[in-house]
Amino acid sequence: MAFELPPLPYSTSALAAAGMCQETLELHHGKHHQAYVTALNGFVEKNADLQGKSLDEIVKLSHNKPDMAGVFNNAGQHWNHILFWQAMSPSAGGKIPGKLEQKLTADFGGVAQFKDAFKQAGATQFGSGWAWLVIGADGKLKVTKTPNGSNPLATGEGTALLGCDVWEHSYYLDFRNRRPDYLQNWLDKLANYEFAASKL
Ligand code: MN3
C-alpha cells in the first residue's frame, strides 16, 4: 500500500483571510507535501524492510540512521504535514478551549507566555524546521523545535498537539522574510486549538 497525500480539511482559499493565501496552500499541499509522499513511496518500493510498515514505524526506524537520511526526511515531512494541515482551521480565530487554556497557564504561566515560547522556538530554528507544542511523558506541556523533517515522534519528546512549519515555503508568499510575524499570526489566527485540546 503506497502512502497517499491526504486531502486538506478545508479548501485552498479557506485560510486566506487568516493570513495563508490560496497560492501558498496550493503549492505547499499540492507540490511540496506531494513531493515528500512521492519520494517516500520511491524509497519503500526499493526497500523490502520498509514494506508493510506504518508511517510512524518508518519515521522511528529511520531516525538518526545516516544511510536512511532520505527515508527519514521524506517520511518525517509526510508525518509533519499531515499534522500541520489539521493544526490549522479557517474558523480557529485564536480561540483556546478552556481545558487547554488552563493547562497552558499551569505549564507556561499563561497563554501569552506559551505564545512567546512557541514564537521564540520557531524564530530561532536556524534554517528549515518546525516548532511544536507537545505533551511529554510527565504530562507537562512544552515547546520544542526540530530541524528539517524531524519531529517529536522521532525524538521521543512527547505527543505533538500542534506543529508549525517554519520552512520558507510555508510563509514566503504571505510574510516574505518575516518569520516572527508569520508565527505570531499563526498562533493568533490559524492555529486550531480545538484540535490541540482534543489530543490532551
Ligand atoms: Mn512544508
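Each ligand, and each atom within it, is numbered from 1 in the order the structure gives. No experiment lies behind these values; they were computed from the predicted model shown.
- In the model, Gln77 has a side-chain atom that pairs as donor or acceptor with a side-chain atom of Trp130 under 3.5 Å.
- Here the N, O or S atom of Asp165 that is nearest to the Mn ion (ligand 1) is OD2.
- Atoms NE2 of His169 and NE2 of His28, as seen from the Mn ion (ligand 1), are separated by an angle of 90°, to the nearest 10°.
- Nearest N/O/S atom of His81 relative to the Mn ion (ligand 1): this is NE2.
- No donor-acceptor distance shorter than 3.5 angstrom exists from the side chain of His29 to the backbone of Pro7, with no hydrogens or angles considered.
- Centroid-to-centroid, the aromatic rings of Phe84 and His28 come within less than 6.0 Å.
- Counting only distance, with no hydrogens or angles, the side chain of Thr105 and the backbone of Glu101 share a donor-acceptor pair below 3.5 Å.
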